[in-house]
Amino acid sequence: MAVHNADIAKVFEEIADLLEIQGENPFRIRAYRNASRLIEGLGVSIGEMIEKNEDLTELPGIGKDLAGKINEVVATGTCEALEKLRKQLPPTLTTLLRIPGLGPKRVQTLYRELDIGTPEQLYAAAHEGKISALPHFGEKIETTILQAMEKHVEKEARFKLATAAQYAEPLKSYLETIPGVNRVVIAGSYRRAKETVGDIDVLVTARRGSPVMDRFTEYDEVEQILSKGPTRSTVKLRCGLQVDLRFVPQASFGAALHYFTGSKAHNIAIRRLGQQKRLKINEYGVFRGTKRITGETEESVFRSVDLPFIPPEMRENRGEIEAARAGKLPRLVEIGDIRGDLHVHTNATDGHNTLKEMVEAAKMRGYEYVAITEHSRRVTVAKGLDPQRLRKQIDEIDRLNEKRLGITVLKGIEVDILEDGKLDLPDSVLSELDLVVCAVHSKFDLPKGRQTERVLRAMDNRYFTILAHPTGRLIQERGPLELDMLKVIRKARERGCFLELNAHPERLDLLDVYCQMARDEGVAVAVSTDAHSTRDYDYMKYGIGQARRGWLEAKDVLNTKGLADLERLLKAARGA
DNA sequence: GCCGTTTTCGGCCCGACTGTTTTCAGTCG
């Protein structure tokens with residue numbers, strides 16, 4: 001069984017947790033955590049890097065020792081260091097860390113003093129009131145633990161970006177109505193357009209004496225106040241989402257925004273640059289000694305370490321600082337660059353609106369073109385089209401285009417890629433279309449070799465235009481296909497066809513790291529909404545967020561092209 | 001455990017809030 005990056009990341013995370021409970025050197029622990037984060041967010045498979053004999057110590061934060069351990073994990077699924085730790089401490093101890101209020105020190109105390117190693121033992125001890133007697137514990141902590149365990153509260157519940165937006169945006173509007181409030185910005189991973197967010201970080205500037213903290217904790221949706229202070233408060237909303245509000249002076253706004261936007265790894269890297277210049281960078285500004293020298297804007301913070309402004313979506317310490325220093329930051333694609341949508345359904349299959357409604361709504365958005373791409377017959381639950389029904393729709397679209405609506409309707413299909421790599425409709429009907437969007441909707445669990453072969457074979461079809469939602473993942477629900485994405489992307493380049501970045505908030509597929517890969521290989525990406533109703537066109541903003549996380553510029557995105565250019569590219573994709 | 005325009009040793013980002021304390025450890029972001 002192949003070892004994935006996520007598996008290696010997990011091993012290092014567990015080592016870090018166990019070392020922390022043991023009270024090891026915090027910097028050693030950090031080294032494991034940094035490595036874990038790095039590996040998880042890496043676009044390329046570590047396993048493949050090893051196969052190709054690439055030097056792992058080239059990766060930032062990976063030295064000789066960790067490289068050795070990575071090799072060990074890839075070969076055996078685990079490593080000796082971890083197994084040794086697991087013998088010294090009950091491995092279930094790490095699950096206790098997920099309980100709010102419990103960190104490594106308290107978990108260590110629980111284990112040393114009361115021999116507590118499992119959640120069940122912890123619950124029993126808390127119930128008997130044994131915990132409040134321990135040093136640095138008390139009745140309050142005991143109650144918190146009991147309540148958290150009874151409600152099965154965990155620290156790491158994450159929300160899909162679009163779900164979080166449903167709660168964050170009304171909160172923002174509410175805060176803006178509070179007297180004295182100047183600016184309200186949602187920072188954190190939300191601002192970085194990460195596909196899921198763990199909590200919402202809100203930054204507020206207001207004039208002195210504004211009741212912002214009181215009004216915030218009184219907000220109708222607040223279920224519980226977790227902490228409240230003059231500059232920072234944390235609440236939990238009824239939906240379970242945690243919200244942090246920070247109140248900063250106007251003069252610190254830029255430094256605070258930069259700091260609270262993160263990511264953590266990016267911030268640490270920036271601060272380290274500051275240190276090298278004998279500057280201290282915190283959320284209040286940039287300091288030389290005790291003298292505050294700047295920090296009103298984010299630009300001023302970047303300038304203090306000789307960098308240009310780096311867009312929030314890029315701030316993951318994945319090379320953006322080096323790119324900025326070299327003057328090679330991309331000019332990221334913006335929503336206004338988009339000229340049309342290339343993946344749209346109607347009620348002919350599983351969509352909710354008629355063809356005419358979908359086309360009119362696209363026109364209302366100012367689009368130059370829209371491609372209608374229904375499911376093919378194989379997807380019976382969606383009433384997928386057979387050749388006959390598809391031809392009927394083709395005629396319908398031709399008639400619509402004759403009316404000169406001010407938008408061009410492109411004829412397409414979202415055709416299934418069958419298990420053997422054949423397409424679900426015959427070439428004879430595909431040849432009548434402007435574009436053929438191809439997708440895997442079945443047999444998600446094929447082994448990597450066969451899955452990759454399946455997709456590559458499909459791409460051999462001369463009518464193959466765009467690979468829809470390439471990894472097939474559904475965020476937090478279904479993992480990605482086992483697919484050698486580099487091979488797929490290189491094949492697309494060779495064939496002159498394209499990859500989709502499906503903007504649906506449950507998909508956001510192509511993943512950011514693969515967008516970067518596509519860009520590096522020179523393969524254009526279509527950012528499409530997969531709209532099943534007129535409202536779904538809104539998803540484009542999430543697709544753009546993801547595209548920006550993947551460093552895509554307008555020139556890297558297929559549907560920023562004008563109609564004439566697009567049609568030329570679509571024809572060229574047909575091969576000879 | 002990693003890393004080097006101050007360095008192969010000695011650093012490693014920085015601050016707010018809570019609860020248990022009576023000056024601060026622990027947790028969190």
Side-chain angles (χ1 to χ4, degrees), chain A residues 12 15-16 19-21 23-36 38 56-70 79 81 96-110 131-145 148 155-156 187-189 197-203 213 217 225-236 242-248 252 255-256 258-287 301 305-306 317 325:
Chain A
F12 286 170
I15 291 177
L19 287 176
E20 204 167 15
I21 293 168
E24 254 284 354
N25 173 1
F27 299 106
R28 189 172 164 223
I29 294 160
R30 190 183 297 170
Y32 281 106
R33 291 210 196 281
N34 288 343
S36 172
L38 170 90
L56 297 177
T57 61
E58 294 278 304
L59 297 166
I62 304 296
K64 229 173 149 187
D65 181 275
L66 286 178
K69 290 196 170 85
I70 292 171
C79 76
L96 299 184
L97 291 172
R98 315 259 172 284
I99 298 165
L102 288 188
K105 295 282 160 50
R106 289 194 179 124
V107 168
Q108 184 187 40
T109 309
L110 289 167
I131 284 178
S132 51
L134 293 171
H136 296 295
F137 283 78
E139 276 175 25
K140 200 106 182 208
I141 289 175
E142 191 170 72
T143 317
T144 310
I145 291 172
K155 284 171 195 165
E156 281 153 40
S189 44
V197 300
D199 64 357
I200 297 287
D201 292 295
V202 189
L203 197 64
M213 276 306 175
T217 51
I225 300 169
L226 298 173
S227 75
K228 188 176 174 188
T231 67
R232 172 183 160 177
S233 295
T234 304
V235 302
K236 182 159 243 170
Q242 190 168 306
V243 185
D244 263 26
L245 185 137
R246 336 263 178 150
F247 184 17
V248 298
S252 301
H258 177 258
Y259 179 56
F260 294 126
T261 296
S263 67
K264 200 170 173 176
H266 169 90
N267 285 351
I268 289 172
I270 292 288
R271 285 181 179 195
R272 203 168 278 156
L273 287 182
Q275 271 190 327
Q276 287 167 10
K277 301 190 68 186
R278 297 177 180 281
L279 297 173
K280 187 176 75 168
I281 301 173
N282 60 25
E283 56 263 56
Y284 297 108
V286 180
F287 297 83
V301 176
V305 289
D306 303 321
N317 197 21
R325 192 183 297 140

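Quick caveat: nothing in here was measured; it's all calculated off a predicted structure. Chain A is the first sequence line, chain B the second, and so forth, proteins listed ahead of strands; every chain is numbered from 1.
- We find that A:R246 and A:D201 are joined by a salt bridge, their nearest charged nitrogen and carboxylate oxygen being less than 4.0 Å apart.
- Going from atom CZ of A:R272 over to atom P of B:dG11 covers 15 Å, rounded to whole Å.
- Close to B:dG29, at under 4.0 Å from its OP1 or OP2, lies a side-chain N or O of A:Q242.
- Distance noted for atom C1' between B:dA25 and B:dT21: 9 Å (whole Å).
- Taking OG of A:S227 as the start and CG of A:D244 as the end, the distance is 7.0 Å to the nearest 0.5 Å.
- Whole-Å rounding puts the A:L203 CG to B:dA16 P distance at 14 Å.
- The side chain of A:H136 lies closest to B:dG26 when the candidates are B:dG26, B:dG1, B:dC13.
- For the P atom pair drawn from B:dT6 and B:dC2, the interatomic distance equals 23 Å after rounding to whole Å.
- Taking atom CZ on A:F27 and atom C1' on B:dC12, their separation rounds to 5 Å, with Å as the unit.
- Residue A:R28 places at least one side-chain N or O closer than 4.0 Å to OP1 or OP2 of B:dG1.
- If you check distances only, the side chain of A:D199 never reaches the base of B:dG29 with a donor-acceptor pair under 3.5 Å.
- Within 4.0 Å of A:K277, counting heavy atoms only, lies no atom of the nucleic acid at all.
- Within the nucleic acid shown, A:Y259 comes within 4.0 Å of at least one base atom, counting heavy atoms only.
- Regarding contacts with the backbone of B:dC17, a side-chain N or O of A:T231 is found under 4.0 angstrom from either OP1 or OP2.
- Going from atom OG1 of A:T234 over to atom CD1 of A:I200 covers 13.0 Å, rounded to the nearest 0.5 Å.
- Here the CZ atom belonging to A:R272 is positioned 8.5 Å from the CG atom belonging to A:N317, to the nearest 0.5 angstrom.
- Close to B:dG15, at under 4.0 Å from its OP1 or OP2, lies a side-chain N or O of A:N282.
- In this entry the distance linking CD1 of A:I99 with P of B:dC28 reads 11 Å, nearest Å.
- Checked against B:dA16, B:dC17, B:dC13, the side chain of A:P230 finds its nearest nucleotide in B:dC17.
- Rounding to the nearest 0.5 Å places CG of A:L97 at 7.5 Å from CD of A:E20.
- Atom P of nucleotide B:dC14 and atom NE2 of A:H258 are separated by 14 Å, given to the nearest angstrom.
- Listed nucleotides B:dC13, B:dC17, B:dG26 differ in distance to A:K105; the shortest reach to its side chain belongs to B:dG26.
- For the atom pair A:N267 CG and A:H258 NE2, the distance stands at 5.0 Å (nearest 0.5 Å).
- As rounded to the nearest Å, B:dC14 and B:dC9 have P atoms that lie 25 Å from one another.
- Look at CD1 on A:I225: it is 14 Å from P on B:dC17, rounded to the nearest Å.
- Among the nucleotides B:dG19, B:dC14, B:dA25, the one closest to the side chain of A:K280 is B:dC14.
- For A:K140 and B:dG19, the NZ to C1' distance is 8 Å, given to the nearest whole Å.
- When distances run from any side-chain atom of A:D244 to the nucleotides B:dC2, B:dG29, B:dA16, the shortest one goes to B:dG29.
- If you check every strand for non-hydrogen atoms under 4.0 Å, A:E139 touches sugar and phosphate atoms only.
- Using a 4.0 Å heavy-atom criterion, one finds that A:Q276 contacts the bases of the nucleic acid, with or without backbone contacts as well.
- Using a 4.5 Å heavy-atom cutoff, the side chains of A:K277 and A:L273 are not in contact.
- Among the heavy atoms of the strands lying under 4.0 Å from A:P104 are primed sugar atoms or P, OP1, OP2 only; no base atom is included.
- At a threshold of 4.0 angstrom between heavy atoms, the contacts of A:R106 are confined to the sugar-phosphate backbone, with no base atom among them.
- Across all strands shown, A:I29 has no heavy atoms under 4.0 Å from either base or sugar-phosphate atoms.
- Residue A:K264 contributes atom NZ, which lies 9 Å from atom P of B:dG29 at whole-angstrom precision.
- Under the Watson-Crick and G-U wobble criteria, each requiring two contacts below 3.5 Å, nucleotide B:dG11 is paired to B:dC2.
- Straight-line distance between the P atoms of B:dC13 and B:dC17: roughly 23 Å, to the nearest whole Å.
- An OP1 or OP2 oxygen of B:dA16 is reached within less than 4.0 angstrom by no side-chain nitrogen or oxygen of A:K228.
- Note on A:D201: only backbone sugar-phosphate atoms sit closer than 4.0 angstrom, heavy atoms only; bases stay farther off.
- Rounded to a whole angstrom, the distance from the P atom of B:dT8 to that of B:dC12 is 16 Å.
- Comparing A:I141 and A:N267 by the nucleotide of DNA chain B whose heavy atom lies nearest to each, the residue mapping closer to the 5' end is A:N267.
- Looking at A:S36, its side chain never comes within 3.5 Å of a backbone N or O of A:Y32 through a donor-acceptor pair.
- Side-chain atoms of A:E283 lie closest to B:dG15 of the nucleotides B:dG29, B:dC17, B:dG15.
- Spacing between B:dG10 and B:dG15 at atom P, rounded to whole Å, works out to 25 Å.
- Rounded to whole Å, the C1' atom of B:dT5 lies 24 Å from the corresponding atom of B:dG1.
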